[in-house]
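For clarity, every value in this text was computed on a predicted model and none was experimentally measured.
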Amino acid sequence: MTEKDCSHHIDDERHNLQRRLITALIAFVTLILFTILLIFLILRPTKPHFILQDATVYAFNTSTPFNFLTTNIQITIASRNPNDKIGIYYDKLDVYATYRGQQVTLPTLLPQTYQGHKDVSIWSPFVYGNNVPIAPYLGNEISQDILFGTILLNVRIDGRVRWKVGSFISSKYHLYVNCPAYVGIGGKFLGNSVVVGKYQLVQNCHVDV
């Protein structure tokens, strides 16, 4: 066998080894992904349940003319993990309030939390915004709502969650929560300033993951 033939034979063996290694790696990754998929199909992870328990509106004030809105609200939100074999990591949750589709408070970051099987977590953050510019038509809507005695605010949560099954932890998934809050005007009303008390809402929230 010539030196050229030996070199060609070595190259073939090297290429065959590389192909076998790549094939084994692909098979291993496929097996891992299939196992993860099978575990999730068997366990059937259920998205968490959120309830807006109460809201205390300390300020909901508009300027004259109705160009700016100042809001100060403390809310209590409860989250329950309905899964009996899956834990939930809440990595990043921003909570804020909207009025008729417009965000009227700054986002408030909730603390990172791990929620075990069937566990319940409760947060009581403040959401607020000082002199937030609002669309001109919203000023008239606010005036009408105040006259009727009820304001509909939407408490929203935007964040990331991960699932934990045994020692396996999934990648991050987007969590979106919307909690409607009908708040009655029951306190002091001076011009465009409203101060109301605490309202027990116990409102179920819509959750998307």
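Side-chain atoms of L106 and T108, non-hydrogen and from C-beta on, never get closer than 4.5 Å to each other. Here the side chains of V127 and T71 are not in contact, with every heavy-atom distance at 4.5 Å or above. Residues I134 and Y99 have side chains not in contact (no heavy-atom distance under 4.5 Å, counting atoms from C-beta outward). A heavy-atom distance below 4.5 Å is found between the side chains of F50 and L175. Side-chain contact check for V155 versus I77: some heavy-atom pair is nearer than 4.5 Å. Proximity of F60 to T70: side-chain heavy atoms (C-beta onward) are nowhere separated by under 4.5 Å. You'll find the side chain of T56 stays beyond 4.5 Å of the side chain of I73, heavy atoms only. Using a 4.5 Å cut-off on side-chain heavy atoms (C-beta onward), I157 and Y176 make no contact.
A 6.0 Å sphere centred on OH of Y128 holds no more than 12 heavy atoms belonging to other residues, nucleotides or ligands. For OH of Y182, the number of neighbouring non-hydrogen atoms (other residues, nucleotides, ligands) closer than 6.0 Å is 12 at most.
Scanning all heavy atoms of the two residues, the minimum distance from Q53 to A78 falls at NE2-CB, 3.4 Å. Minimum heavy-atom separation, V209 to Y173: CG1-CB, 4.0 Å. Minimum heavy-atom separation, H117 to K85: NE2-C, 3.5 Å. For Y58 against Q74, the heavy-atom pair with the smallest separation is OH-OE1, 3.6 Å.
A distance of 4.5 Å separates CG of N154 from CG of N178, quoted to the nearest 0.5 Å. Annotation: the span from D91 atom CG to L110 atom CG amounts to 12.5 Å, rounded to 0.5 Å. Here the CD1-CZ distance, from I86 to R162, works out to 15.0 Å after rounding to the nearest 0.5 Å. Here CG of L31 is found 13.5 Å from CD1 of I26. Values are rounded to the nearest 0.5 Å. Rounded to the nearest 0.5 Å, atoms CG (N130) and OG1 (T105) are 10.5 Å apart.
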Exercise. Decide salt bridge (charged side-chain N to carboxylate O under 4.0 Å, His left out) for D94 and K92; before the verdict, give the C-alpha distance in whole Å, the side-chain angles of both, and the deciding distance to 0.1 Å.
Key: CA-CA 7 Å; D94 285 321; K92 184 179 183 296; 2.6 Å; yes
Practice problem: For the pair H174 and D158, evaluate side-chain hydrogen bond (donor to acceptor under 3.5 Å, both in side chains) and give the outcome as yes or no after the intermediate values. | Solution: CA-CA 8 Å; H174 182 252; D158 193 357; 2.5 Å; yes
Exercise. Output, in order, the C-alpha distance, side-chain angles, deciding distance and verdict of salt bridge (charged side-chain N to carboxylate O under 4.0 Å, His left out) for D145 and R100.
Key: CA-CA 11 Å; D145 287 346; R100 297 187 181 272; 3.2 Å; yes
Exercise. Could you go through the side-chain hydrogen bond (donor to acceptor under 3.5 Å, both in side chains) check for S121 and S79 one step at a time?
Key: CA-CA 5 Å; S121 302; S79 170; 5.7 Å; no
Quiz item: So Y90 and Q115, side-chain hydrogen bond (donor to acceptor under 3.5 Å, both in side chains) or not? Walk me through it.
Solution: CA-CA 8 Å; Y90 296 98; Q115 201 171 60; 2.9 Å; yes
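Follow the hydrophobic side-chain contacts under 4.5 Å out from L25 and you reach L33 in the same cluster. When hydrophobic clusters are built by joining Ile, Leu, Val, Met, Phe, Trp and Tyr residues whose side-chain heavy atoms come closer than 4.5 Å, directly or via intermediates, V104 is grouped together with Y137. At a threshold of 4.5 Å between side-chain heavy atoms, the hydrophobic network of Ile, Leu, Val, Met, Phe, Trp and Tyr places I51 and V183 in two separate groups. Two different hydrophobic clusters hold I142 and V132 under the rule that ILVMFWY side chains link at heavy-atom gaps under 4.5 Å.
A cation-pi geometry, defined here as NZ or CZ lying under 6.0 Å from the six-membered ring centre and within 45° of its normal, does not hold between R156 and Y96.
N81 places no side-chain N or O within donor-acceptor distance of the main-chain N or O of P48, the cut-off being under 3.5 Å. The main-chain N or O of R160 is never found under 3.5 Å from a side-chain atom of Y89 such that the two would form a donor-acceptor pair. Counting only distance, with no hydrogens or angles, the side chain of K164 and the backbone of G166 share a donor-acceptor pair below 3.5 Å. A donor-acceptor pair under 3.5 Å is formed between the side chain of Q102 and the backbone N or O of P133. Under a 3.5 Å cut-off, the side chain of N83 and the backbone N or O of T46 do form a donor-acceptor pair. Under the 3.5 Å distance criterion, the side-chain polar atoms of S170 are matched with a main-chain donor or acceptor of W163. The main-chain N or O of L52 is never found under 3.5 Å from a side-chain atom of Q203 such that the two would form a donor-acceptor pair.
Applying the salt bridge (charged side-chain N to carboxylate O under 4.0 Å, His left out) definition to pairs two or more places apart or across chains, none involves residues 108-123.
Counting only N and O atoms by type, the side chains of T98 and Q103 include no donor and acceptor under 3.5 Å apart.
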